[in-house]
Structures are given as structure tokens and as C-alpha cells.
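Residue numbers begin at 1 in each chain, while the letters A, B, ... track the order of the sequences. Any value given below was found using the heavy atoms of this structure, including those in side chains, with hydrogens, waters and symmetry copies removed.
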Amino acid sequence: MNFEAIKAIYKFEMARTRRTLLQSVVSPVVSTSLYFIVFGAAIGSRVQEVGGVPYGAFIAPGLIMLTLLNQCIGNGSFGIYFPKFTGTIYEILSAPISTVEILIGYVGAAATKGLIVGTIILATASLFVDISIAHPLMMVLFFVLTAVSFSLFGFMIGIWAKDFEQLNLIPMLVIPPLVFLGGSFYSIDMLPPFWQTVSHFNPVLYLVSGFRWSFFEIADVNPILSLAIVAGFLAACLSITAWIFRTGYKLKN
Amino acid sequence: MAPIVRIENLTKSYATGFQALKGVSLDIEEGEILALLGPNGAGKTTMISIVCGIVTPTSGRVTVAGHDVIRDFRKTREIIGLVPQELTLEAFETVFNTVSFSRGLHGKRPDPALIEKILRDLSLWDKKDTMLRFLSGGMRRRVLIAKALSYEPKILFLDEPTAGVDVSLRKEMWQLVERLRATGVTVILTTHYIEEAEEIADRIGVIDKGEILLVEDKAALMRKLGRKRLTVELAEPVEAVPAALSHYNLSLGDDGHTLVYDYDTAGERTGITGLLAALAAAGLRMKDVATEQSSLEDIFVELVGGAK
């Protein structure tokens, strides 16, 4: 195991985070605060409790997930896309490092950053609403598994993307609908039956539901199923990444 | 001693059908400086990229210090340094950090003292905290070299190290290669500047259209193909080479105004003394005499031209 290389990539990626501190930390905090003011205070005061939880608190886990997903996909994709774009990828490809080590370095750094920002959002949320965590261990498990899976997902987007447009395509076009329709701001039993069925095909529903369960013990789907879906997503991302490195897809010619 | 790099029947075809390498074999000895000469698109970079692991070969095999570059990639890549042709660097990283990054990437523990020495040797020390995007082209080239030296490779590939570099930096590069040779590093450089190969290489390989045309000791190559030519300019033109001079194999040039004599510098007798005496004896008045040596450039043009 080339630990020095993992450390070098990880440190390099974290240094990039520090350079972009404003956009990586401050902007999610600002947008989350806006969500709480608009949804939590303005609308929430007119909405009854959802499953016994005040509406402001109810949306907090979904908001944390929204930020976590955006951060992890953004960092995971940018971290590997940029060396491809500038050509510095030659150094990674010609270094004595294995696939696993490259992944630990890039995905580890992207997940770390996502977790840091997610934690800051959690702290921000607790300024606006009362938050209790019923199952801290499960909460951390959901938090970390989601961060790693979506950083890996971002990593794949970064390898697949030919240009900046493709790089932003999935984070901008695919993720927001999945998050907004994934029960971040409502319980899906508020939907008409048809849309309830559709929602069950949305993977983000399971994430948000499971994550919310670890806070308030209310869930749209069984938490164990949620966990299985997250683990399955992680496994799928891992096997696709393994294939990418084995074949050199879009990395080597 | 076994060669440090052994390339056997290496081929590379792209999906477009383009064949970049057509069965290249090459042995590189430890400690030597090998120059690979060839026009753009000859396959030089492709070959280097395969040795370094950036490009996957279609067929053939490469071993470095006895290890297969694909199966034992850790062992081979640890000892290979690569300075790419393109000036590819991060934009926002500092000089010191990017060089330290390369060292880490190759599994070596941090060694700030060594990084300092490398940066000083390359006149980069006062730029150590400068962001890479603010550097000039020459400085960026130096940074790429510093990155490759940061993990103390045994074999260094320099892909067109002096392309677009000014004269003083080019001289500095040559001195650097000399210093590396003194420490036992094997250096393989590609170039299309012939004087560069002539100046610093021990051996020269000529590659064109994906094939190695020849690999030869530089001195032997120069000797073998390095003929000299003596041109005698006559005061009065002649219609034919005088019969008394026939055994010199002279040819007539410039409408009989010059006599051209090709000879071999490696030969025991060049025959010049005799020829000049014979010219005088034949009553020919000489206006001027010039000699020229065929350079590596002529040899190269002849080889590459001949292969077309």
C-alpha cells in the first residue's frame, strides 16, 4: 500500500478546499439558512406537524442530505476532472499507485469535505430549530455511507465528463429533482397514490427517509431497506469504478 | 549486464486504425544517455508513455530493471521519472507544494531538504511560494523537471525537454543531464533538435512512422556515416576529369568549375596530399579548397527520407 501517495492526493485535495473556502462552506450555509427562513419559519408556521415533528425540524435531515449530495458529487467529480482537463493526470497514471489508492485519496477527500460541510449545516440547522438525534450511530452510518457513495458517484462523473457542460449536467439536472421529489420537504404519504409509487423508484427517498429516521424515528420506508439501498448504491459505484480502472476507460488511450 | 529498459516487439494501434508503433524493440543500458530522434508523430511519445504506464500497449512487452511494466507497475514506476512534453501543471498550487506532491505520489517520505536542493539547482528556490499559473514557460519546464527529480528516479524520460526553450535554458538542461549521468541516472530524451542529440547523447536512436530505423553509438554512427567531402574550386573550368586523376574517383561540379572528392576520415590515408600534388602536376590552378563533414542532420535526413 502506497500510503505516502494516498496522503499526497488527500492533502492536495484538501488544500484545494481551503483555497475555495468561501464557495465550499459559506455558500451552503447561506442557502441552508434561506431554506430555514422560507420553509421553516414562513411556511412552516402554517404547516401542521409532520408525524409529530415540527415542520422546521422535519426538513433539516433532507436539507443536510441535499448539501451532502451536492458537495460530494461536486468535489468528487471536480477532483478527478480537473487533472484530466489540465493534463496533470499523467502524473497520477505514471505513479506507482493502484486504483484503490487513487480512490481512497480522491473519494476520501471529497467525502471528508462533504461531511465537514454537512456537519456545519447540521450546526446551522440547530440554530433555527430544535434537533434531537434518536439513533446517533445510525445517523453517522447513513451520513458516512452517503458521503462515500456520492463522492464515488461524482468521481465517475468526473471521469466520464468530456467538458465542463457534461461535468455539471448530472449535478444540475438530475440531482435537484431527485432530492426535491425524494421527500426532503414532505412525507410521501402527502402525495397522491400514483406519485407515491413513482417516489419509490427514487433512490434519494431512501436516503432521506433513513437519515430522518435516525433523527426522529419517523420514516417513509423501512430504515433497514434504506440502509440496504445505500449499501447497494455504494457497491454499484465501486464495481463501475473498478471497471473504469481495469479498462482505462476515458483515462488511458 | 542486463539492460535497464527492454522493449520487445511493442505495437500500439488506436481505435481509428492509426498504428503509432509497429513492432519496436529497444534495449537501454543502465547509466547511458539515449537520444531518440524523429519527426513529429514518429511514435516517440507513445513509446515513452507505454513505458511509464500512461498508454496501454496493443501487443509486446516492456520490462524495467527486470520487472514487467504492467504486472509489476509499482516496482517499475517507482524508479521512472517522466518530464512530459506539454507544460501541464496545476494552476493554483505553489511550486514547493507541487514538487512535494510528486514525491509523495511515488511513495517517498517527505524530504524538504532534498526538495530545496532540487529547486535551488534548477534556479527555482526564490519562486517556491509562487502559484504555478504565474510562472513563465521556461520556469514551468523547470518545475516539471523538479517534479520528476523529487523522488530520485533511476531512469529519467525527458520528452522534448528543450522544445520552445531559450538558448541559456537549453544549455542548463544539457548541464543537468550531465550531472544526472554523473550520479548514474539513465536518461532517455526525445528531440528533433539534432545538435542536442549530438551534444549530449551516448547513443542515438532514429524513429520514424512507428519504427526504429537504427540505434547506434553516437561516435560510431558519426564515423560510419560521417564522410568528408573536399571541394576544389578551379581557376579555369575543365570539361572532364583529367585522366591522370582518374583513380581518385573525382566528380565534376558546377559546370567544370569544381572537382569534388569524397573521402573517409576513418581511413588510414585520406589521399588528400596525393590528390593536391596530382592536381598541381596536371597543371590545374586552384582558386579555393573547402572541406565539409556530414553532420548528424544529413544522416538523419538521409535515413528518414530514405524510409519514405
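- Put simply, the side chain of A/Thr86 never gets that close to the backbone of B/Glu90: no donor and acceptor are under 3.5 Å apart.
- The parts of A/Ile92 that come within reach of chain B are both its backbone and its side chain, each placing non-hydrogen atoms under 4.5 angstrom from that chain.
- Only the side chain of A/Phe82 comes within contact range of chain B, with heavy atoms under 4.5 Å apart.
- Within 6.0 Å of the CE atom in A/Met1, the count of heavy atoms belonging to other residues, nucleotides or ligands exceeds 12.
- At least one donor-acceptor pair closer than 3.5 Å links the side chain of A/Ser77 to the backbone N or O of A/Gly74.
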Problem set entry | Steps toward side chain to side chain contact (heavy atoms under 4.5 Å, CB included) verdict (A/Ile170, A/Ile73) | CA-CA 9 Å; A/Ile170 291 176; A/Ile73 293 176; 5.6 Å; no
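- Heavy atoms of B/Leu144 lying under 4.5 Å from chain A belong exclusively to its side chain.
- For the set B/His106, B/Lys147, B/Arg109, the count of heavy-atom pairs under 4.5 angstrom toward chain A peaks at B/His106.
- A/Leu137 CG: 12 or fewer foreign heavy atoms inside a 6.0 Å radius.
- Among A/Arg19, A/Lys7, A/Glu101, the residue making the largest number of heavy-atom pairs under 4.5 Å with chain B is A/Arg19.
- With B/Arg103 contributing its side chain and B/Ser150 its backbone, the two residues share a donor-acceptor pair below 3.5 Å.
- For B/Thr98, no part lies near chain A; criterion is any non-hydrogen pair under 4.5 Å.
- Between A/Phe164 and A/Phe78, the two ring planes are tilted [angle within 30° to 60°].
- Between B/Phe96 and B/Trp125, the two ring planes are perpendicular [angle over 60°; tilted spans 30° to 60°].
- For residues 18-36 of chain B, heavy-atom neighbours of chain A at less than 4.5 Å comprise no residues at all.
- Looking at B/Glu78, both its backbone and its side chain come within 4.5 Å of chain A, counting heavy atoms on both sides.
- Between B/Glu160 and B/Lys44 a salt bridge is recorded (basic side-chain N to carboxylate O distance below 4.0 Å).
- Taking the side chain as every heavy atom from C-beta outward, A/Phe233 and A/Leu145 never approach each other to under 4.5 Å.
- Contacts of B/Lys75 with chain A are absent, with no heavy-atom separation under 4.5 Å from either backbone or side chain.
- Note on A/Ala95, A/Ala8, A/Pro83, A/Ser98: by heavy-atom pairs under 4.5 Å with chain B, the leading option is A/Ala95.
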